[in-house]
Amino acid sequence: MIADSTPICARAHANIALIKYWGKRDAALNLPAVGSISITLADLYTETALTWHNAATDTATLDGQPVESKRISHVMDLIRALADTDQRAAVTSTNNFPTGAGLASSASGFAALVVSASAAAGLELSTRELSILARQGSGSAARSIEGGFVEMHRGHRADGTDAYAAPLADKDSWPLEVVVAITTRAQKAVDSTTGMTDTATRSDFFDAWVAGADGDLDAAREAIANRDFDALGALSERSCLKMHGLMLSTGDGLIYWSSATVAAIHEVRKLRAEGVPVYFTIDAGPQVKALCAPGYGAMVAERLGAVVGVEAAQLMGLGPAAHVIA
Ligand code: DP6
């Protein structure tokens, strides 16, 4: 048993995938069907404070509201097993951005949870071990353990020990800028887990998606190594459109975009036609993230902010790895 504890607080930043993760090779261990490449974002993060308590269950709040989550308990069970304790935890989290609207709240949330919980349990885990734990909360969370440019390996082993995220390049070595165009603050209708599970069984294109992933990852890794913005941007836009094509081809059709999403896509392409180095990407929600070469973010934010239906356009740089803050 761990003695009465003072809170341990961790901060983890959201990330956006440039080469997308969509689909699972194993649901129980949450193993991805494809690898992915992401960038961690400076200005969107979750802070999680964790204390051990003498209650029968784990409790959790997010932005002051109680949350019931089997995934939180599952991740806590994994950490308890490593720490050889059965003590339950009180988890208090805050997001500095809207939850569940396609801004990677589960990514930063589970990354912050495993960093705070493992520290509170006195465990000294490697970032690989932390990302494997975070993956079991949410696949994209494995990537939020690291900062800058990050690759999530799909792995091949059945036990998932080779499905983890690792850094590709430091955030300061290529200071790309990102504009997050918020088109709605409402929760999305179909969560990613449900959507991707549906896709695997109800889209004719799923096998082609998986078959194309390694080539996209190789090309994106090379573009990052060469600091080739146009190559990386084009690959990112294409991976996003392939993923949304897959979503559209699923069952009745999964449509995450709003009319403002489409308007923002056209504005990014218009900017590019004017010579501005900018590409878009979109996750399982209506928000558009514009990837900009260094120095172009402010003007892209101004233009996207003026698109009808865009509520706010927030400019940010790349963010650090998840870390304990107190
Ligand atoms: C569209 O990580 O939310 O954002 O592993 O089921 O929790 P689970 O899914 P999640 O999926 C993220 C999907 C995506 C693309 C990406 O981030 O790579």
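For clarity, every value in this text was computed on a predicted model and none was experimentally measured. Counting convention: from 1, in listed order, for ligands and their atoms alike.
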Q. Under 4.0 Å from ligand 1, counting heavy atoms only, is it the side chain of R71, its backbone, both or neither?
A. side chain
Q: With atom 7 (O) of ligand 1 as the reference point, say which of A27, S138, S106, S239 has the nearest heavy atom.
A: S138
Q. In terms of atom number and element, which parts of ligand 1 are under 4.0 angstrom from non-hydrogen atoms of M243?
A. 1 (C)
Q. If you count the atoms of ligand 1 from 1 in the order shown, which ones are under 4.0 Å from a heavy atom of D283?
A. 1 (C), 4 (O), 14 (C), 15 (C)
Q: Could you establish whether R135 and ligand 1 come within less than 4.0 Å of each other, counting only heavy atoms on the residue side?
A: no
(Q) Could you tell me if the side chain of I145 sits less than 4.5 Å from the side chain of R128, heavy atoms only? (A) no
Q.
Quick check on Y296: does its OH atom have over 12 non-hydrogen neighbours (other residues, nucleotides or ligands) under 6.0 Å away?
A. no
(Q) Considering both backbone and side-chain atoms of S36, is one of its nitrogen or oxygen atoms within less than 3.5 Å of a nitrogen or oxygen in ligand 1? (A) no
Q) Given the rule that I, L, V, M, F, W and Y join up when any side-chain heavy atoms are under 4.5 Å apart, are L248 and V210 in one cluster? A) no
**Q.** T193 N/O to ligand 1 N/O under 3.5 Å
**A.** yes
Q. Is the shortest N/O to N/O distance between M196 and ligand 1 below 3.5 Å?
A. no
Q. Salt bridge check: are D283 and K289 linked by an N-O gap of less than 4.0 Å?
A. yes
Q: Please answer whether the main-chain N or O of G160 pairs with a side-chain N or O of R135 as donor and acceptor at a distance below 3.5 Å.
A: yes
Q) Non-hydrogen atoms of M152 versus ligand 1: any pair closer than 4.0 Å? A) no
Q.
Give the atom numbers and elements of ligand 1 that come within less than 4.0 Å of a heavy atom of A284.
A. 1 (C)
Q. E237 pairs by salt bridge (Lys or Arg N to Asp or Glu O under 4.0 Å) with which of K242, R272, K20?
A. R272
Q.
Could you check whether atom CD of E274 has more than 12 heavy atoms from other residues, nucleotides or ligands sitting under 6.0 Å from it?
A. yes
**Q.** Proximity to ligand 1 by part of N30, non-hydrogen separation under 4.0 Å
**A.** side chain
Q | Heavy-atom donor-acceptor pair, N15 side chain to S140 backbone, under 3.5 Å | A | yes
Q. Would you say W257 and I265 make side-chain contact, with heavy atoms under 4.5 Å?
A. yes
Q: Could you check which of R143, Q136, K20 puts a non-hydrogen atom nearest to atom 17 (O) of ligand 1?
A: R143
Q) Is the side chain of H153 donor-acceptor paired with the backbone N or O of Y164 at a distance under 3.5 Å, no angle test? A) no
Q | Numbering as shown, the atoms of ligand 1 that approach S140 to under 4.0 Å (heavy-atom distance) | A | 2 (O), 3 (O), 10 (P), 17 (O)
Q) What do you reckon, does K24 have a nitrogen or oxygen under 3.5 Å from a nitrogen or oxygen of ligand 1? A) yes
Q) G139 heavy atoms, cut-off 4.0 Å: which ligand 1 atoms fall inside? A) 2 (O), 5 (O), 7 (O), 8 (P)
